[in-house]
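What follows is a set of notes on a single structure, which appears directly below.
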Amino acid sequence: MISTKHLFYFFVLLLWTSTLFCQKSPLQIHSSNGQIINHTYYSLTYSEKHEQAEWVSYILNPSFLNGSTKRTDDFRIDKKVLSQSANSGDYLYSGWDRGHLVPAADMVFSNQSMSESFYYSNISPQNPLFNRGGWKKLEAQVRDWGKSFEIIVVTGGVLTDNGFKSIGENKVSIPKNFYKIVYAPEINEMIGFVMPNQKIYNDLLSYATTVDEIEGLTGINFFIELSEEQQNQLESTINLENWVFNVSASSENTKSSSNSTQCSAIAKSTGNRCRNFTKDVSQLCYIHREKEEEKPPNYLGRCLANTNNGKQCKRKAASGRMYCWQH
């Protein structure tokens, strides 16, 4: 029989756990339209005009992603939406996927976090090839960052475009583009992505952009609790050296094989060897190859790249470069 004392400690522990892992973003977002809704594990602004969230915001960290809750697929209306949210009938036989904004795979901490991800306020119509391809890769990449350090994620469809098509009786708008922003306070960096709602052919880096660009596209002012100086610094630039793209998310690395090697360059931010992998014979990843091309050394002589057999290339380096025309 459980004693009163044990019951008391159980409820204290339950309260502490729910408080510790409440995932609402600590940073405010300015939205001129829509109802702001706070669920336990994420927040959003619901646009009645488009029948979906203008943005959703949540926190990921290693502890939260350490859960093992299975996907529930319990799609349902969000009763917190005063004007009533979209529903299953809007998507039935539409040909469009019920695309998560907060991914179910990010909500593995508990049954409640997983279940909350299936509210229709968190769903947007996505091209199946997009939802199960490039967007899924981006979600996996964001999770990988969340396993390394705590991040704040903001995502949604771009709802300022003209000429929306829609589905269902509630006329759910089909965004032409989707955005995702990742803010890592620990490394004091932000990165954004904008991807078209269609099959994605290029690697994720091709869609990387600044938060300033996304604010311009969406008309939303993100992270307004940061000082103006912080916003200007973080939202206008991307420091790619601090964002390690893993093998499952970069097209260069998705072709990985036994020939892939770790980039030989040194990351300026850490002083350690770059963590990206590459198949390029120069043994430099896409970031450091670009830097090499931007500042060619004053070098004349033999190409410094290695060929597939591991031997140094016999060609002469191009004028002012360390590598030949091929490398």
Side-chain angles (χ1 to χ4, degrees), residues 25-27 29 55 57-62 65 106 134-135 137-155 178-195 200 202-218 220-254 261-278 280 282-297:
S25 170
L27 296 175
I29 299 172
W55 55 262
S57 176
Y58 62 104
I59 295 173
L60 279 185
N61 56 47
L65 287 168
D106 288 7
W135 189 246
K137 287 183 180 180
L138 178 56
E139 291 173 337
Q141 177 58 72
V142 171
R143 262 191 307 280
D144 193 64
W145 289 329
K147 292 174 183 176
S148 301
F149 40 73
E150 184 165 281
I151 56 177
I152 298 170
V153 186
V154 187
T155 190
F178 284 86
Y179 69 89
K180 194 177 292 289
I181 298 170
V182 182
Y183 172 38
E186 183 179 323
I187 62 174
N188 200 34
E189 293 288 347
M190 289 183 184
I191 189 170
F193 298 86
V194 176
M195 304 178 83
I200 298 300
N202 300 324
D203 63 25
L204 297 182
L205 189 65
S206 304
Y207 304 97
T209 188
T210 64
V211 176
D212 276 348
E213 289 290 334
I214 296 176
E215 287 185 338
L217 281 174
T218 61
I220 301 171
N221 186 9
F222 302 99
F223 308 118
I224 60 177
E225 286 191 357
L226 294 179
S227 68
E228 187 174 345
E229 181 181 358
Q230 284 179 299
Q231 289 186 59
N232 290 338
Q233 174 193 349
L234 295 172
E235 296 181 359
S236 62
T237 59
I238 307 172
N239 187 356
L240 290 174
E241 287 190 352
N242 287 326
W243 299 101
V244 178
F245 285 76
N246 64 31
V247 293
S248 67
S250 168
S251 66
E252 175 183 6
N253 292 330
T254 51
T261 57
Q262 187 175 354
C263 176
S264 61
I266 301 298
K268 289 182 180 179
S269 58
T270 63
N272 299 323
R273 186 174 178 181
C274 174
R275 291 170 57 190
N276 285 334
F277 280 77
T278 181
D280 194 86
S282 68
Q283 296 185 343
L284 296 175
C285 69
Y286 55 90
I287 296 173
H288 291 103
R289 285 203 305 275
E290 288 178 358
K291 289 184 177 296
E292 194 68 48
E293 291 174 359
E294 289 172 2
K295 298 180 179 179

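Quantities reported herein were computed from a predicted structural model and do not represent experimental measurements.
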Note: N188 and L234 closest approach over all heavy atoms is O-CD2, 3.0 Å
Fill in: Step-by-step side chain to side chain contact (heavy atoms under 4.5 Å, CB included) determination, Y179 to Y207
CA-CA 9 Å; Y179 69 89; Y207 304 97; over 6 Å; no
Interatomic distance, CE@M195 vs CG@L204, rounded to 0.5 Å, equals 5.5 Å
Would you please classify the geometry between the W135 ring and the F178 ring as parallel, tilted or perpendicular, with 30° and 60° separating the classes?
tilted
CD1 of I181 to CD of E235, rounded to nearest 0.5 Å, is 7.5 Å
Problem set entry | Stepwise side chain to side chain contact (heavy atoms under 4.5 Å, CB included) check, N221 with Q231 | CA-CA 10 Å; N221 186 9; Q231 289 186 59; 3.6 Å; yes
Smallest heavy-atom separation, F149 atom then A184 atom, equals CE1-CB, 3.6 Å
Could you check whether any side-chain heavy atom of V154 comes within less than 4.5 Å of a side-chain heavy atom of F223, counting everything from C-beta outward?
yes
inquiry  = With a 3.5 Å distance limit and no angle check, can you tell me whether D212 reaches the backbone of E215 through a side-chain donor-acceptor pair?
reply    = no
Rounding to 0.5 Å, atoms OG1 (T155) and OH (Y58) come to a distance of 7.0 Å
_Show, in sequence, the C-alpha distance, side-chain angles and deciding distance for E213 and V194, and conclude whether the side chain to side chain contact (heavy atoms under 4.5 Å, CB included) test is met._
CA-CA 9 Å; E213 289 290 334; V194 176; over 6 Å; no
Rounded to the nearest 0.5 Å, the CZ atom of F193 sits from the CD1 atom of I238 at a distance of 7.5 Å
**Prompt:** With a 4.5 Å heavy-atom cut-off, do E139 and D106 have their side chains touching?
**Reply:** no
Exactly one of M190, E189, E150 clears side chain to side chain contact (heavy atoms under 4.5 Å, CB included) with Y183, and that residue is M190
Taking every heavy atom of A208 against every heavy atom of I191, the minimum-distance pair comes out as CB-CD1, 4.4 Å
Output for pair (L240 CG, F245 CZ), nearest 0.5 Å, gives 6.0 Å
Pair F222, I214 - check side chain to side chain contact (heavy atoms under 4.5 Å, CB included), show working. CA-CA 9 Å; F222 302 99; I214 296 176; 3.9 Å; yes
Of all heavy-atom pairs linking S57 and I152, the shortest is OG-CG2, 4.0 Å
Interatomic distance, CD@E186 vs CD1@I151, rounded to 0.5 Å, equals 11.0 Å
